[in-house]
Structure formats: structure tokens, C-alpha cells
Amino acid sequence: MLKLLARLNFSLTELSSLVNLPNAQYQTRLIHLQELINSNQKNQFIQELNDYQSEHANDNNIQYRLNQIMFKSIGAHELNLPEPSTAEIKFLVTYFWQCEYWSHYDLTIFGNTAYLLDPELRVQLLKEIIKLIEMQVLHGINTRDPIRIVINTIFDFFHSENYRRADILIQIIAPIIPNNYVFEKGYLLAAKVILVNHDRNRFSYEVPEPEELLKLIKLIDSQGLSKIINQEFKDQGIG
């Protein structure tokens, strides 16, 4: 989900630098896939995916299999290609439940494939990721990546009108975001604004009006957050 990566403030170049694979062409392949999607070269993307599958048809390396599933997921989400099979999704779920420490690579695979999972299962896995966040915050470790995975899921739930699950994640993640994480706190505040505007009786967060929040964010924005939030408000019909 390349749009997801953009919302997380990732690039595929940065993503590939986080993955330690023996294949030196891995970074080149990721960048090339991004270029194909940006230029809407669907047929060439399919060819690249088929080539990757052929190259590693007899390879039992777990990372290659995960990469293949991730590439399929990106193609399905961005180019309306077939989604990974039921067996592949089951493989993903098994892998995620075995993650003792959610590395950058694990989070990248999750972020690009989680939309395939049952929403309740997604919440349960995110609770495991939140345990990592709590540990990292406690030890002063940079934890922006997993926090943004959680926040991204909140907005994905908005898009599927799953407001209850979005609210569950907001309540869990809000208290543990460090105060100096301005981007993440602003993004989460926008999520609360969306909930309140959706149903003021059900969601009673104290939040500014949407236009006031946008004005505030423009004063402190250094990562394009105001543009992102403005689009999210439009998607939710908030003027």
C-alpha cells in the first residue's frame, strides 16, 4: 500500500534501507515497483511480480515469501490485481503471531498487508505492537514507526466506517505518545475530531473545531500534516 507508506511519511528508498536481505537487487526492485505504480504501468508491474515469483519458486526463505505476499498486496491495493491467496494470508497471520519483537521489516510487512486481515484480528495484533511502543517509550527509544502504524489503522477504520474499533485504538495509544511527537499527536487529535463530528453523543472528546485544528497545525507543521488532515476531513465530509 504505497499510499499508506506516504501517510506514514515513509519512502520505498527508506523502507528498503531498513531491510537486511542477501539479495542486492532488492532495493532496486522496490524502487522500480514504485515507479511502475506511479506511472500506472500495470502490465509491467505484473511482469515484475511474475519474475520475482519465478526467481524464488524453489526458495524456502521466509523473507522472500513475505516479500512476495507484500508485493501482491501492494498490487491488489494500488492496481486492482488479485489479492494474496487464503493460504498466503494464513501464512502472514502465523508469522505475525510469532513476532517477539516487531522490527522495521515486520512493521513494513504488516503495514502493507494488514488491510487483508479481519478487523478484530488486526486490532489484536496492534495491541501486541502497542506493547512494543510502551517498552520503547519507557527506554527512550524512537517509536514513531509503530505509532504511525497504529494511527494509520485508525484512519483505515474510518474509511470502512468502523468507528468503534478506531475509538478503541485511540484510547489505547493516546496516553503513551511522547509529548515531543508533535506530528503524531496532531494526527491523533484529528482522529478525535473525526469521531466527534461523526457522532457527538457517542464520542465526547474535547476537541477544537476542524478549521481551528487546521490553523493550529499550519503553525507547527513541518511534515505536510495539514495537507494530510485536510484530505482526511474531506474524505469524512467535514468542511
Side-chain angles (χ1 to χ4, degrees), residues 1-5 7-8 10 12 15-16 18-23 26 29-30 33-34 36-37 42 45-133 135 145-162 164-166 168-169 172-173:
M1 289 167 23
L2 297 184
K3 291 180 181 176
L4 179 149
L5 292 176
R7 285 222 299 272
L8 293 181
F10 281 155
L12 282 182
L15 179 157
S16 58
L18 301 174
V19 184
N20 182 22
L21 289 177
N23 184 357
Y26 181 78
R29 189 183 300 272
L30 273 175
L33 288 177
Q34 182 181 31
L36 293 177
I37 287 177
K42 185 174 182 178
F45 184 98
I46 294 171
Q47 185 61 53
E48 292 284 338
L49 183 58
N50 289 338
D51 289 346
Y52 188 84
Q53 292 172 333
S54 298
E55 289 171 17
H56 305 291
N58 300 316
D59 199 323
N60 293 321
N61 184 289
I62 291 177
Q63 282 189 325
Y64 285 133
R65 188 171 181 186
L66 290 170
N67 295 339
Q68 179 176 314
I69 296 171
M70 179 173 67
F71 295 158
K72 282 186 177 180
S73 300
I74 292 171
H77 190 267
E78 297 296 327
L79 298 173
N80 295 317
L81 298 178
E83 293 182 347
S85 67
T86 301
E88 288 173 321
I89 295 174
K90 184 177 180 181
F91 176 83
L92 270 180
V93 172
T94 301
Y95 176 81
F96 289 146
W97 278 123
Q98 292 175 347
C99 287
E100 295 183 5
Y101 177 81
W102 287 80
S103 66
H104 283 293
Y105 179 71
D106 298 331
L107 291 170
T108 299
I109 296 294
F110 181 84
N112 284 285
T113 61
Y115 77 97
L116 299 166
L117 308 180
D118 174 80
E120 187 57 36
L121 172 60
R122 199 171 172 183
V123 170
Q124 293 304 315
L125 287 169
L126 282 165
K127 287 181 179 179
E128 295 301 310
I129 292 175
I130 289 170
K131 291 179 183 178
L132 166 67
I133 295 172
M135 181 275 292
D145 292 347
I147 287 175
R148 292 183 184 184
I149 287 284
V150 177
I151 295 176
N152 182 77
T153 303
I154 291 169
F155 281 87
D156 279 352
F157 281 156
F158 288 156
H159 297 159
S160 60
E161 298 185 352
N162 203 330
R164 180 184 64 83
R165 287 193 173 94
I168 289 172
L169 291 176
I172 296 174
I173 195 66

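Source: prediction; values computed, not measured.
Interatomic distance, Leu117 CG to Gln124 CD, rounded to the nearest 0.5 Å: 12.5 Å. Between the CD1 atom of Ile74 and the CG atom of Asn112 there is a distance of 4.5 Å, given to the nearest 0.5 Å. With rounding to the nearest 0.5 Å, the separation of CD1 in Ile133 from NZ in Lys127 is 13.5 Å. The distance from the OG1 atom of Thr108 to the CG atom of Asp145 is 7.5 Å, given to the nearest 0.5 Å. For the atom pair CD1 of Ile109 and CE of Met70, the computed distance is 4.0 Å after rounding to the nearest 0.5 Å. Here the CD1-CG distance, from Ile168 to Leu126, works out to 11.5 Å after rounding to the nearest 0.5 Å.
Both tests hold for Arg122 against Phe157: distance to the six-membered ring centre under 6.0 Å, angle to the ring axis within 45°.
Between the side chains of Tyr95 and Asp106, at least one donor N or O sits under 3.5 Å from an acceptor N or O. Side-chain atoms of Asn67 and Gln63 form no donor-acceptor pair, as typed in the model, at a separation below 3.5 Å.
The aromatic rings of Phe96 and Phe110 stand perpendicular to each other, their planes meeting at an angle above 60°, with 30° marking the opposite boundary. Classification of the Tyr64-His56 ring pair by plane angle, with boundaries at 30° and 60°, yields parallel.
Between Ala166 and Phe158 the shortest heavy-atom distance is CB-CE2, 3.5 Å. Of all heavy-atom pairs spanning Tyr115 and Ala76, the tightest one is OH-CB, 3.5 Å. Contact between Leu107 and Ile149 at its shortest, heavy atoms only, is O-CD1, 3.6 Å. A pairwise comparison of heavy atoms in Ile173 and Ile130 identifies CD1-CG1, 4.2 Å as the closest pair. A pairwise comparison of heavy atoms in Trp102 and Leu132 identifies O-CD2, 3.4 Å as the closest pair. Of all heavy-atom pairs between Ser73 and Thr113, the closest is OG-CG2, 3.4 Å.
A salt bridge links Glu120 to Arg165: at least one charged side-chain nitrogen sits closer than 4.0 Å to a carboxylate oxygen.
Looking at Leu125 and Trp97, their side chains come closer than 4.5 Å, going by heavy atoms from C-beta outward. Between Tyr105 and Leu66, some side-chain heavy-atom pair lies under the 4.5 Å cut-off.
With sequence neighbours left out, the side-chain contact (heavy atoms from CB on, under 4.5 Å) criterion links Leu81 to Lys42, Phe45, Ile46, Leu79.
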